[in-house]
Every structure is written in structure tokens, then in C-alpha cells.
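Working notes for the structure below.
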Amino acid sequence: MSEMLLITGCCQLVTLRGSAPRRGSALRELGIIKDGALLLREGRIVAVGKRKSIERRKDARRAKKFDVGGRVVLPGFVDSHTHLIFAGNRAEEYEKRIAGATYEQIAKAGGGILSTVRKVRAADAASLFARANDWMNDFAAHGTTTVEAKSGYGLDAASELKILRVMHALRRHARLDLVPTFMGAHVVPPEFAKRPEAYVDLLVRKLIPYVAKEGLAEFCDVFCDRGAFSVSQARRILTAGRACGLVPRIHAEQLAPTGAVRLAVELHAASADHLEKVNSVDIRALAKSDVTCTLLPGCCFHLGLASYAPARKLIDAGAIVALATDFNPGTSPTLNMQMVLSLACTQMRMTPAEAISAATINAAYSLRRADRMGSLEVGKFADLAVFSVEDYREIPYYFGVNRCWLTLKRGEIVYPSGT
Ligand SMILES: [Zn+2]
């Protein structure tokens with residue numbers, strides 16, 4: 001029985017117990033246990049409850065004990081939207097934007113997504129792997145235990161497959177869970193600038209079936225927006241993905257209202273992400289659907305935009321709302337979910353409890369994993385993050401600093417390293 005671990009000293013054990021996904025007022029129900037304890041075995045939660053009742057169990061008496069010193073314990077964050085695999089950075093573009101350059105001007109000068117594509121195409125797999133593995137450790141250091149990752153900085157067959165194979169290697173090597181998404185439809189690559197339909201053909205006929213057959217992705221995503229892919233192109237791509245078993249996700253209504261949300265609802269997509277420009281008709285459609293609305297406030301913050309996605313309207317209408325970092329070098333270079341919670345609270349008027357539900361159980365639901373992660377309940381993975389605070393509301397309250405003290409993935413300490 002020595003493999004059992006008893007965790008005590010949780011001044012607030014934020015369990016998120018209950019049904020998934022959370023809508024409306026249920027987002028504020030965190031299932032907090034004061035002076036809580038957890039009993040873990042072989043990476044799973046065996047018991048959760050008040051310290052006194054857990055300590056009384058026969059198996060708990062024989063367990064190895066770990067006191068977290070009166071801190072707040074949460075399910076590890078589930079970051080359900082990242083572009084993890086990239087090379088270089090876009091700090092130069094960041095400075096140009098501050099000086100007033102527009103996205104179009106930057107793209108014309110060779111910047112934007114395509115500048116990262118050039119760097120990724122030139123990078124070898126080993127360097128992409130090393131960089132992403134470092135990022136995975138940083139995710140763990142900030143309390144994240146599961147990371148969704150999209151391809152999409154390759155945009156040709158060889159480079160997209162290189163990225164997906166790096167992810168595949170990371171899934172075996174890294175201690176956090178990595179959920180792979182194929183996003184060959186990020187933007188139209190320069191070689192196909194004059195014939196975007198030919199690129200869609202390549203994705204639909206060759207790449208998607210191959211990626212699915214090789215088991216290199218679970219989801220298929222499309223940037224369906226002004227300047228990227230049209231609704232009809234996105235429908236072709238996501239339908240082809242679904243036919244091969246890849247579940248659809250969509251980058252929707254970020255730059256302009258295009259009809260991408262209606263497509264997400266029509267295709268029963270796992271998530272519609274961004275939604276900065278979503279209108280009230282589409283909010284009602286989302287609220288009636290099972291599509292998770294994944295909001296990415298880090299992106300608006302980094303771009304210095306005045307308006308964010310209408311989180312309040314979505315929650316009040318009854319939509320499933322999740323939060324993610326959108327970690328990427330162009331528009332959201334952060335992997336800190338605590339900062340995303342701060343932005344969700346101050347910029348989108350979500351309550352701290354709503355933000356925590358959105359970053360854990362609802363994000364797990366959007367990744368089709370709510371049965372094993374996103375809450376601290378018996379049978380689920382022992383994925384948890386411990387914060388040096390006395391009240392969960394302090395997690396978004398302290399913005400831009402890391403209050404994470406310890407992260408466990410399937411019962412193993414993944415942060416701090418060497419513990
Ligand atoms: Zn994105």
C-alpha cells in the first residue's frame with residue numbers, strides 16, 4: 001500500500017465536483033471543502049473530503065503523507081487552446097504594432113503568421129521538440145496539467161507532419177497530457193495564395209486522411225475568418241476531418257462575423273474559439289448547443305484591444321464557456337492560466353469562480369476528457385495544482401505573478417522539478 005499518498009493541509013480544496021459541463025449559475029459552484037484532504041493511488045483519486053473523515057480511513061493511515069501547509073488546492077488547469085509548436089518569436093512585430101502598424105502592414109512587410117511559418121519550416125524536429133518540452137515544464141510551473149496543441153505553422157505536408165510528430169514524441173516524453181489538433185488550415189500558404197481551393201483539396205484529400213490514419217491528431221481546427229478560410233472551405237475541411245474521426249474545433253468570429261459560429265453549431269464542433277465579434281443571434285444558438293465557447297482574453301490583451309469577447313452575455317444565455325491561453329508567438333505569448341483568469345475577471349467581468357470552472361471542468365469537457373480530469377473526484381486523475389494563497393479568489397487577484405507552489409500530474413510531482 002506504500003504507493004498511496006495522503007494530501008492534507010488544504011485550507012480550501014476546490015473540487016469542482018458535480019456535473020459537466022457547467023452552464024449559467026452552475027459555473028459558480030466550486031464544491032469547496034475547507035480543511036480538505038485527498039487520498040491518491042496509482043495516479044488516481046481514491047477519496048476526497050474533510051481531513052478528519054479521510055484520515056480515519058484504514059488505507060489512509062498506511063499512506064505516505066504530504067501536508068501542503070494550509071494552501072488552496074485546485075484541479076490542474078486544462079489549457080484547451082494553444083499553438084505550442086513554433087520557432088522564434090515576434091517581439092519585433094510587437095514593437096511595430098505599439099508604434100501603430102496594422103496587421104495588414106505587418107503581413108505585407110513579411111511578418112505575421114507566415115514569418116513563424118518560415119522559421120518552423122527551417123527548424124529541425126529536435127530543436128522544435130526541445131523548445132516545446134521547455135514550454136511544457138513552464139506550463140506545469142504555472143499549474144497546468146493538460147495542454148491542447150495545434151499544428152499550423154508548417155502549412156505544407158512535410159512541415160505539418162514534422163510538427164505533429166514532435167507532438168507525438170512529446171506525448172510520450174512529457175509528464176503533462178498533450179492533446180493534438182491538426183490545424184493545417186491556419187492560413188493559406190504563400191505557394192497557394194492564388195488558388196486557395198487547391199490547398200483545401202490537399203488538406204481534404206491527402207493530409208487529413210493521412211493524419212487520422214497515423215493517429216497523429218484527435219481534433220481538426222480551422223481559422224475561419226476574414227483573411228483566412230471561408231465558411232464553405234471550413235465546412236469542407238471539418239467535414240472531411242470528422243469523416244476520418246477527427247472532432248471539429250473552429251477559430252470563430254475573431255476578426256469579423258463570418259458565420260463560423262453557425263458552422264460550429266451545425267457540425268456539433270467541440271468548441272468555437274475566440275468569439276470577440278459574436279452577435280446576439282449566434283449567442284442564443286451557442287447557448288442551445290453543446291459547443292464549448294473557448295474565450296482567449298490573452299489575445300485581446302497582447303494586441304491592446306479595447307473590446308473582449310462577451311463572456312457575460314454567453315454565460316447568462318447558458319452557453320458552455322471555457323478559458324484558454326491561446327499560447328502563440330504572434331497574438332498571445334503567455335502560458336500562464338492564472339493571468340488568463342485575471343483578464344477574464346477584470347476585462348470580461350467573469351467572477352473568479354466562473355473563471356476557475358471555465359479553466360478546468362469546462363475546458364476538459366471541450367477536450368472530451370471531463371470523465372477523467374477537470375475536477376477532484378473519486379476515479380479521476382490526481383491532476384492538481386497547489387497555490388500559495390488562502391482563498392481561491394486570490395489566484396486571479398494577484399495578476400502577472402505565479403502563485404503556484406506545487407503541481408501534481410497523475411499523482412507525481414511535476415513542479416517544482418527535482419522534488
Ligand atoms: Zn488560436
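Nothing here was measured: the structure is a model prediction, and the numbers come from that model. One-based numbering, in listed order, for ligands and for the atoms of each.
For a distance bound of 2.8 Å, the N, O or S atoms of D273 include none lying that close to the Zn ion (ligand 1). Contact annotation: H274 places no N, O or S atom under 2.8 Å from the Zn ion (ligand 1). For the Zn ion (ligand 1), the set of nearby N, O or S atoms under 2.8 Å includes none belonging to C299.
With the Zn ion (ligand 1) as the vertex, OD1 (D326) and NE2 (H83) define an angle of 90°, rounded to 10°.
Donor-acceptor pairing under 3.5 Å is recorded for the side chains of S375 and K380.
The two residues L286 and V261 come nearest to each other via the heavy atoms CG-CG1, 3.6 Å.
Interatomic distance, L161 CG to L216 CG, rounded to the nearest 0.5 Å: 6.5 Å. Here CZ of R235 is found 4.0 Å from CD of E266. Values are rounded to the nearest 0.5 Å.
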